[in-house]
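First the structure, in the form of structure tokens, and then the observations on it.
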Amino acid sequence: QVQLVESGGGLVQPGGSLRLSCVASGTIFRITLMGWYRQVPGKERELVATVTNGGTTNYADSVKGRFSIDRDNGKNTVYLQMNSLKPEDTAVYYCNAIVQPYVNWRTTTYWGQGTQVTVSS
């Protein structure tokens with residue numbers, strides 16, 4: 001099993017910044033992708049940003065130019081630097097990881113418990 005532990009959420013004013021962190025631990029041979037998703041009440045969970053173990057990134061259009069994702073493969077950690085935050089960024093942010101537990105084994109997707117980000121004046 002794999003555990004994802006998130007940190008860094010909180011309350012921030014519009015235009016401010018937050019940095020989220022997520023650390024994966026457990027039975028891990030390789031993590032092929034790590035990323036962040038977010039969800040607000042009544043809406044589907046949506047992709048924010050992802051990064052592969054090779055460094056390829058993908059961002060939602062709504063956060064391009066404001067958010068930056070970074071991964072430390074050696075520490076099984078992913079970060080989300082959020083700048084120029086807007087009220088519409090308010091959501092629960094979930095860490096995601098696609099994990100291969102052993103060599104030649106299939107991958108499994110894991111989720112963190114979520115961390116609240118609130119942008120309000």
### Message
Quick check: is Ile31 connected to Val78 through a chain of hydrophobic side chains (ILVMFWY, heavy atoms under 4.5 Å apart)?
### Response
yes
## Note on the structure
When every non-hydrogen atom of Arg106 is compared with those of Thr108, the smallest separation belongs to NH1-OG1, 3.3 Å
### pair Pro101-Phe29: side-chain heavy atoms closer than 4.5 Å
no
### Task
Find the distance between CD1 (Ile28) and CD (Gln100) and round it off to the nearest 0.5 Å.
11.5 Å
### Nearest non-hydrogen partners of Val63 and Val48, listed with the distance
CG2-O, 3.7 Å
### Query
So Leu20 and Trp36, side chain to side chain contact (heavy atoms under 4.5 Å, CB included) or not? Walk me through it.
CA-CA 9 Å; Leu20 306 182; Trp36 294 92; 3.7 Å; yes
### Query
Hey, what do you get for CZ (Arg38) to NZ (Lys43), rounding to the nearest 0.5 Å?
8.0 Å
### Query
Where is the tightest heavy-atom contact between Leu18 and Val12, given as atom of each residue plus distance?
CD1-CG1, 4.0 Å
#### Entry: Minimum heavy-atom distance Leu4-Cys22, with the two atoms named
CB-SG, 3.9 Å
### Query
To the nearest 0.5 Å, what is the distance between SG (Cys95) and CE (Met34)?
4.5 Å
### Message
For a quick test of reading the model, state the closest non-hydrogen atom pair linking Pro14 to Ser121 and the distance between them.
### Response
CD-N, 3.6 Å
### Query
Are the side chain of Gln39 and the backbone N or O of Glu44 linked by a donor-acceptor pair below 3.5 Å?
no
### Query
If you draw a 6.0 Å radius around CD in Glu88, do more than 12 non-hydrogen atoms from other residues or ligands fall strictly inside?
yes
### Message
Determine whether the aromatic ring centres of residues Trp111 and Tyr37 are separated by less than 6.0 angstrom.
### Response
yes
### Task
Decide side chain to side chain contact (heavy atoms under 4.5 Å, CB included) for Val99 and Arg30; before the verdict, give the C-alpha distance in whole Å, the side-chain angles of both, and the deciding distance to 0.1 Å.
CA-CA 6 Å; Val99 180; Arg30 179 182 295 127; over 6 Å; no
### Task
Enter the distance from Ile98:CD1 to Leu33:CG here, rounded to the nearest 0.5 Å.
4.5 Å
### Query
Does Asn76 use its side chain to pair, donor to acceptor, with the backbone of Val23 at less than 3.5 Å?
no
### Query
Is there a salt bridge (Lys or Arg N to Asp or Glu O under 4.0 Å) between Lys64 and Asp61 once you walk through the steps?
CA-CA 5 Å; Lys64 287 181 179 178; Asp61 289 341; 3.1 Å; yes
### Beyond-backbone contact of Gln116 with Tyr93, side-chain heavy atoms, under 4.5 angstrom
no
### Query
Can any side-chain N or O of Glu6 pair as donor or acceptor with the backbone N or O of Gly114 at less than 3.5 Å?
yes
### Message
Treating Ser62 as the side-chain partner and Ala60 as the backbone partner, does any N or O pair qualify as donor plus acceptor under 3.5 Å?
### Response
no
### Task
Taking atom CD of Gln113 as the centre, report whether more than 12 heavy atoms of other residues, nucleotides or ligands fall under 6.0 Å from it.
no
#### Entry: Heavy-atom check, side chain of Asp70 versus side chain of Gln81, under 4.5 Å
no
### Query
Do Tyr94 and Val51 belong together in a cluster built from hydrophobic side chains that touch within less than 4.5 Å?
no
### Query
When rounded to the nearest 0.5 angstrom, what is the spacing between OH in Tyr110 and CG in Asn96?
12.0 Å
### Task
Taking atom types as modelled, find out whether Arg19 and Ser17 have a side-chain donor-acceptor pair closer than 3.5 angstrom.
no
### Message
Let me confirm one number: the OG-NZ distance from Ser25 to Lys75, rounded to the nearest 0.5 Å.
### Response
15.0 Å
#### Entry: Smallest separation among heavy atoms of Asp89 and Arg66, with atom names
OD2-NH1, 2.7 Å
### Query
Quick one: does Tyr59's side chain have a donor or acceptor within less than 3.5 Å of a partner on Ile69's backbone?
yes
### Message
Quick one: does any side-chain atom of Thr90 pair with a main-chain N or O of Val119 as donor and acceptor, under 3.5 Å?
### Response
yes
